[in-house]
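Have a look at the structure below before the remarks.
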Amino acid sequence: MRRNRVLPIAALLVAVLLLAQTTETVAQTPKQVQQFKQKLRQQEVRKKLRELQKAKEAARKAKAQANEKTKAAEKAKAQANEKTKAAEKAKKKPTPEPESTPAPTALTFQPQVPAELTAIPEAQDAAAFAKRIDDQIDAALRNENITPSPICNDEEFLRRVYLDITGVIPTLEQTRKFLDSTDPQKRSLLIDELLADPHYGRHLADQWIPKLYPKESNNRFVLKEPLYNWFQNQFNQNTRWDQFVFDLVTATGTVEDNPAVTYYLANRSVDKLTDTVTQHFLGIQLQCAQCHNHPFTGWKQQEYWGMAAFFSRVVPQNPRNANRGGDNMKIGVTEGTTRTKLRDFFPEATMDVAAKFLGGPEPKIAPREPQRPVLASWMVAGDNPYFARAMVNRTWAQLFGRGFVNPIDDMHPDNPPSHPELLSDMARIFAGSGFDVKFLTKAICLTNTYQRSSRPTAGNENDDIYFSHMTMKVMIPEQLFDSVTRVAGPTLEAVAKNRQEKAQAGKRRPGNGARDQFVTFFLAGSEAASTTEYEAGIPQALRMMNSRLAGSPALARNIAGAFSKPETAIENLYLTTLSRRPTEAETARLTGYITQADNANTAYSDILWALVNSSEFTMVR
């Protein structure tokens with residue numbers, strides 16, 4: 001009962017409160033009522049203004065659309081008039097016979113050397129070019145107050161230039177002929193003779209192939225020899241460097257018809273192609289910009305993939321195991337009209353961007369036009385900012401052990417050359433010569449800078465920048481094998497050559513010849529040998545010490561001469577191995593050793609073994 005009484009009381013209280021609020025509202029003053037009405041009128045005005053604004057906007061849009069329709073109608077009318085005029089004009093002329101549409105073809109090589117470069121006098125005169133080089137090198141030495149070493153003697157020059165140009169030491173007869181000559185032009189004549197030697201092309205192929213043919217398991221069925229032979233022949237024929245690179249970059253066809261396609265077969269991904277082309281032909285290490293902007297230079301990721309886009313349509317065929325019927329002379333490379341769909345050709349970081357020259361513009365390429373010839377034409381142009389400089393710097397480094405820019409394939413503003421004006425000068429003259437690699441090599445070898453002694457003098461012993469003396473280089477494995485083989489005599493050299501030719505003809509799997517095995521052993525896992533660091537270890541030294549070539553009494557007797565006096569025999573051994581005559585002290589010491597030996601032939605063999613295993617034999621002074 002009490003609960004029922006509480007409810008009516010609560011309801012009564014609520015009612016009283018509601019009544020009080022209502023009474024308060026009704027009891028508002030007239031002023032408040034007037035303010036309320038004014039607020040309502042303002043809201044109504046704002047609403048009408050918004051509606052009016054919407055109407056004006058709609059009218060404006062309608063007028064703009066009407067104007068667009070009028071313009072379109074006028075344009076259509078003008079086009080119709082043009083068609084009418086064209087039709088009337090066509091009626092007055094006979095209709096020509098329809099022509100067949102030619103299939104898209106690759107661009108052919110066209111030299112692009114500006115006339116002002118070909119007009120440079122030094123571009124046609126190696127001696128004048130050499131003098132221009134010496135003038136700038138000497139000026140830099142004077143500026144640094146460094147005294148250069150004297151010109152080397154004939155013995156040092158002979159061995160150096162043989163190894164640098166042909167990659168092998170001279171024979172006993174060649175050494176005697178040069179050292180005994182009194183012709184004042186004999187050094188220049190020797191340079192010409194060596195540039196015409198077939199070993200010249202082979203030596204350059206030895207240096208280039210490791211850069212363009214990676215030693216990877218994926219390439220175990222790719223034939224290296226066709227590419228090696230192609231490089232060797234191109235260098236020996238002195239093919240213009242711009243055409244050389246153009247033909248390689250645009251290579252299409254089968255290995256049998258065009259061995260240059262091997263480069264694409266050995267680098268079957270767009271990033272490998274981009275990295276090797278920019279690094280070795282433009283002197284730029286762009287690979288760090290593949291996944292992000294380059295951390296040390298200004299190259300952007302977008303620029304990397306702009307260059308890579310030129311290779312995006314390449315279609316290299318996969319090599320097959322010859323033991324299962326694969327003929328890897330018949331496979332090759334094509335370039336399609338759309339992006340290739342080969343598996344693993346594009347890495348995960350690939351960006352699909354338009355083809356664009358590195359640091360240059362975006363070329364206009366027709367949809368069905370091959371892209372690689374467009375890139376190659378830009379690369380090899382005489383005014384390309386990278387191409388000629390890269391080859392000059394590389395050639396200089398091959399002869400001196402270091403370039404104007406080091407590393408030689410990392411040219412960028414934060415890694416300036418030691419002689420910037422000279423590098424630019426040489427690049428212009430090289431381009432003006434028609435990108436003549438033999439001409440460039442001859443000019444450098446004619447310089448006093450190249451012909452300086454490797455022996456430092458007081459004050460220049462710490463110079464490794466200004467070329468005050470020749471850098472001592474280490475033989476690369478190919479040079480060492482060929483030189484040891486040459487010491488062994490014509491018979492063994494002929495056998496080695498025959499085996500090499502058979503391997504290069506593709507009759508055996510790549511890399512199983514004696515020379516290839518020797519090179520692989522001495523590289524000891526490295527991709528390429530350093531010419532300035534002695535990297536051979538105990539296994540390589542032991543192989544040389546235990547070589548049959550260096551410990552043969554019959555061979556030593558053949559070199560020394562069957563009936564020679566000890567002094568003559570010692571001279572023959574020195575001329576054959578070190579390309580120099582022994583000093584008086586060496587002759588006296590070794591003559592005493594021979595006279596005390598029980599068997600002269602065994603003594604000669606010991607001397608030959610010691611000479612071939614000496615550091616002087618394996619070095620290029």
Side-chain angles (χ1 to χ4, degrees), residues 152-164 166-179 454-455 472-493 496 518 522 534 536-562 564-621:
C152 65
N153 59 34
D154 283 345
E155 295 168 331
E156 188 174 356
F157 174 80
L158 172 70
R159 197 167 193 274
R160 176 191 302 171
V161 77
Y162 257 92
L163 285 165
D164 282 346
T166 66
V168 63
I169 61 174
T171 64
L172 172 61
E173 294 74 19
Q174 291 168 335
T175 301
R176 282 192 181 279
K177 177 183 176 182
F178 181 80
L179 296 183
S454 60
R455 303 176 189 276
M472 290 186 66
K473 304 187 290 291
V474 182
M475 282 190 188
I476 61 175
E478 292 87 350
Q479 288 176 313
L480 185 57
F481 179 89
D482 293 342
S483 295
V484 169
T485 303
R486 176 156 285 185
V487 169
T491 302
L492 189 56
E493 190 172 14
F518 183 94
F522 272 77
Y534 195 89
I538 293 176
Q540 290 73 29
L542 288 175
R543 179 157 182 167
M544 287 292 292
M545 290 178 182
N546 294 304
S547 170
R548 290 178 299 173
L549 303 180
S552 170
L555 173 60
R557 183 175 65 251
N558 184 51
I559 296 173
S564 298
K565 295 179 180 180
E567 294 81 0
T568 305
I570 294 168
E571 182 177 276
N572 287 346
L573 290 168
Y574 266 75
L575 290 173
T576 300
T577 56
L578 304 183
S579 308
R580 69 173 177 86
R581 292 185 168 92
T583 64
E584 291 182 2
E586 289 169 334
T587 300
R589 184 167 63 251
L590 294 176
T591 299
Y593 176 76
I594 294 169
T595 56
Q596 294 175 7
D598 295 333
N599 186 308
N601 289 333
T602 301
Y604 293 150
S605 179
D606 292 343
I607 295 171
L608 177 62
W609 181 90
L611 292 174
V612 171
N613 283 282
S614 67
S615 60
E616 185 175 350
F617 181 82
T618 61
M619 303 292 285
V620 185
R621 295 167 47 233

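These numbers come from the heavy atoms of this one structure, side chains and all, not from hydrogens, waters or symmetry mates.
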Heavy-atom pair of closest approach, residues Val612 and Phe617: O-CD2, 3.3 Å
With no hydrogens and no angle check, is any side-chain donor or acceptor of Thr618 less than 3.5 Å from a backbone partner on Ser615? yes
What's the verdict on side chain to side chain contact (heavy atoms under 4.5 Å, CB included) for Thr576 and Leu608, showing C-alpha distance, side-chain angles and the deciding distance? CA-CA 9 Å; Thr576 300; Leu608 177 62; 6.0 Å; no
Shortest non-hydrogen contact between Val620 and Arg160, atoms and distance: CG1-CA, 4.1 Å
Is the side chain of Asn613 donor-acceptor paired with the backbone N or O of Met545 at a distance under 3.5 Å, no angle test? yes
Do the side chain of Arg557 and the main chain of Ser605 share a donor and acceptor less than 3.5 angstrom apart? no
Hey, what do you get for OH (Tyr574) to CD (Glu155), rounding to the nearest 0.5 Å? 12.0 Å
Shortest non-hydrogen contact from Ala488 to Leu555? O-CD1, 3.1 Å
Would you say Arg159's side chain and Thr175's backbone share a donor-acceptor pair under 3.5 angstrom? no
Other residues, nucleotides and ligands only: do more than 12 of their heavy atoms fall within 6.0 Å of CG on Leu542? yes
Can Arg621 and Glu616 be said to form a salt bridge (Lys or Arg N to Asp or Glu O under 4.0 Å), step by step? CA-CA 8 Å; Arg621 295 167 47 233; Glu616 185 175 350; 3.7 Å; yes
Ignoring hydrogens and angles, tell me if any N or O in the side chain of Thr595 forms a donor-acceptor pair with the backbone of Gly592 under 3.5 Å. yes
Show the nearest heavy-atom pair for residues Ala560 and Asn572, with the distance to one decimal. O-ND2, 3.1 Å
If you apply the rule side chain to side chain contact (heavy atoms under 4.5 Å, CB included), what do you find for Leu578 with Ser614, and how did you get there? CA-CA 10 Å; Leu578 304 183; Ser614 67; 4.2 Å; yes
To the nearest 0.5 Å, how far apart are CG in Asn153 and CD in Glu156? 6.0 Å
Measuring from atom OG of Ser483 to atom CD1 of Ile169, what distance do you get when rounded to the nearest 0.5 angstrom? 4.5 Å
Criterion side chain to side chain contact (heavy atoms under 4.5 Å, CB included) on Gln479 and Ile476, from CA distance to verdict: CA-CA 5 Å; Gln479 288 176 313; Ile476 61 175; 3.5 Å; yes
List the steps and the verdict of side chain to side chain contact (heavy atoms under 4.5 Å, CB included) for Leu179 and Arg581. CA-CA 10 Å; Leu179 296 183; Arg581 292 185 168 92; 3.8 Å; yes
Kindly give the heavy-atom pair with the smallest separation between Leu611 and Leu573, and that separation in Å. CD1-O, 3.8 Å
Give, for atom CD1 of Ile559 and atom CG of Leu575, the distance between the pair rounded to the nearest 0.5 Å. 11.0 Å
Side chain proximity check, Pro170 to Leu158, heavy atoms < 4.5 angstrom: yes
Rounded to the nearest 0.5 Å, what separation is found between the CG atom of Asp164 and the NZ atom of Lys473? 4.0 Å
What distance do Asp482 atom CG and Phe518 atom CZ have between them, rounded to the nearest 0.5 Å? 9.5 Å
